[in-house]
Amino acid sequence: MDLRQVSQGRQLLGKIGAALCILLFLAVLDGLVALFRQPPNLLKVLPGESVEINGDVPGEISQVQELQHRANTGGLTLAILELHKGYFLGGAMWRGQLKVSPNLAPGEYRVIVFATNQPRKQPAPFFRVLVYADAQARLRSSSSLIQRYTGYSPWMAAASFAPFILLVFGLVFYLSQQRENLLLAQGRGEIYRLMRDEAGWSIRFGLGAAQGLSPGTRLTILDEEGRTVGVAEVRETGETDSWAVVSGDPEVKIGYLVAIR
C-alpha cells in the first residue's frame, strides 16, 4: 500500500470507529433511560412464567418464616426462599420466586410482603405485577427503544459493538504506524502540535535528529493535498521529533506535513 491508500484507509476506519462509538453511546443511554423509567417494584410477566424477585425486608426479622405475603389474585404465588444482604447498600433483603398461573388473565395485580410483627398501620412493600397476553405485548411495553423494536437488550447491543470498536481502532493504530514509516521514508513528518505566540506560529512534528535535522534546518510545510503553504525553521530537535518556527503567517493546521527541503 502506498501513502495515499494508507491515509485513505485510516481516514475511513476513523469514521467507522466514530460511528460505532456513537452507536455504543446510544445503546448505553437507551439502557440507562429504560432502567430509570422502570420502578424497581414493577414486574412484567407472562402467564405460566416464574421469575426471581428481591425485596427489602420490612422491619426487624431474623428468619424467612417471619415474612408473609398477600396477593389480590389467586393466580400469583410467591415463595420467599432466603434472606440476604443488599449488593450496594448492604441492607437486609429477601429473595424469592414468583409463579404466575397459566390461566391468569392479562392485567395488573399486586403482591404485598410484610412481617408478622409489623404494625398494621405501617405501609407494607408491594410489587406491581403486569401480566401480558404474550411476549410481543410485553415487548411493545418495554421502556427501551432498542428492545421494543429489535427484541434485544440494549446492554447486549452495547456489548456487541465493543469488539468491533477495538478491532477498528487497532487497525487505525496499525495504519498510523504504516503511514508514519512511509512518511519517514520520504523525509516527511506530520505536525501534531500547533502553538501561537507574539512571534507567530511554532510547530512540533515527527522528524528529528535521526532524519538529519538540526537547529537552523529549513523545512517546507505541505497541506493535505501536498501543496506548499509555508516554510519553517527548526529551533530544537530530539531524536524523532522537533520544534520549529513558521515563517510569515500562513494557514497551518494539525495534520499538515513538513518535508525536508
Side-chain angles (χ1 to χ4, degrees), residues 1-33 146 154 157-261:
M1 296 175 67
D2 59 24
L3 181 61
R4 181 181 61 83
Q5 292 171 326
V6 169
S7 298
Q8 289 178 346
R10 187 183 70 160
Q11 186 177 27
L12 176 60
L13 286 172
K15 291 179 180 179
I16 293 174
L20 288 173
C21 287
I22 292 173
L23 291 175
L24 173 65
F25 170 78
L26 292 176
V28 171
L29 180 63
D30 181 66
L32 290 174
V33 169
I146 293 176
S160 67
F161 290 130
F164 292 104
I165 291 174
L166 293 176
L167 175 62
V168 167
F169 283 107
L171 290 173
V172 168
F173 177 78
Y174 170 76
L175 290 179
S176 296
Q177 295 293 100
Q178 293 293 102
R179 183 173 184 271
E180 183 177 353
N181 292 335
L182 290 170
L183 287 173
L184 289 175
Q186 298 176 5
R188 298 182 180 188
E190 186 171 359
I191 298 174
Y192 61 83
R193 189 175 179 185
L194 188 63
M195 299 159 284
R196 187 176 180 85
D197 53 29
E198 296 178 355
W201 290 107
S202 59
I203 56 176
R204 285 196 175 273
F205 50 90
L207 288 175
Q211 287 75 45
L213 269 62
S214 60
T217 302
R218 294 178 65 82
L219 304 169
T220 301
I221 302 175
L222 308 173
D223 64 11
E224 297 98 333
E225 303 299 325
R227 297 184 295 253
T228 299
V229 296
V231 176
E233 183 177 327
V234 176
R235 293 298 174 85
E236 184 180 308
T237 62
E239 186 65 20
T240 58
D241 61 353
S242 301
W243 165 54
V245 174
V246 180
S247 301
D249 193 24
E251 182 182 6
V252 182
K253 299 180 182 178
I254 291 177
Y256 278 16
L257 301 178
V258 294
I260 300 174
R261 304 183 73 185

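Small disclaimer: the values here were computed from a predicted structure and weren't measured.
Contacts classified as side chain to side chain donor-acceptor pair (under 3.5 Å) and involving residues 23-33 (residues at least two apart or in different chains) are given here: D30-S144.
Residues A232 and I203 come closest through the heavy atom pair CB-CD1, 4.1 Å. Between V168 and L13 the shortest heavy-atom distance is CG1-O, 3.2 Å. The two residues F169 and C21 have their closest heavy-atom pair at CE1-SG, 3.8 Å.
Side chain of S7 to main chain of R4: no donor-acceptor pair is present (N/O by atom type, distance under 3.5 Å, no hydrogens or angles). For Q8 (side chain) and Q5 (main-chain N/O), no donor-acceptor pair under 3.5 Å exists by modelled atom type. Between the side chain of Q211 and the backbone N or O of G208, at least one donor-acceptor pair lies under 3.5 Å.
Annotation: the span from R193 atom CZ to S202 atom OG amounts to 8.0 Å, rounded to 0.5 Å. Here the CZ-CG distance, from F164 to L20, works out to 8.5 Å after rounding to the nearest 0.5 Å. Rounding to the nearest 0.5 Å gives a distance of 13.0 Å between CD of E190 and CG of D241.
Taking 4.5 Å as the limit, some side-chain heavy atom of F205 sits within range of a side-chain heavy atom of V234. The shortest side-chain heavy-atom distance between L213 and L219 falls under the 4.5 Å cut-off. Side-chain contact between T237 and P215 is present, with at least one heavy-atom pair separated by less than 4.5 Å. Residues T228 and L222 are in side-chain contact: their nearest non-hydrogen atoms beyond the backbone lie under 4.5 Å apart.
Checking V28, I22, L24 one by one against L26, the side-chain contact (heavy atoms from CB on, under 4.5 Å) holds for a single residue, I22.
Residue Y174 qualifies as open at atom OH: its count of foreign heavy atoms under 6.0 Å is 12 or below.
Not a single salt bridge (charged side-chain N to carboxylate O under 4.0 Å, His left out) links R204 to another residue, sequence neighbours left out. Here R218 pairs with E233 under the salt bridge (charged side-chain N to carboxylate O under 4.0 Å, His left out) rule; sequence neighbours left out. With sequence neighbours excluded, no residue satisfies salt bridge (charged side-chain N to carboxylate O under 4.0 Å, His left out) with E225. With sequence neighbours excluded, no residue satisfies side chain to side chain donor-acceptor pair (under 3.5 Å) with R188.
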Under 3.5 Å, which donor-acceptor pairs do the side chains of residues 246-260 form with other protein atoms, sequence neighbours left out?
| from | atom 1 | to | atom 2 | distance (Å) |
| --- | --- | --- | --- | --- |
| D249 | OD1 | R196 | NH1 | 3.1 |
| D249 | OD1 | W201 | NE1 | 3.2 |

Fill in: Full working for side chain to side chain contact (heavy atoms under 4.5 Å, CB included) between L182 and D2
CA-CA 8 Å; L182 290 170; D2 59 24; 5.8 Å; no
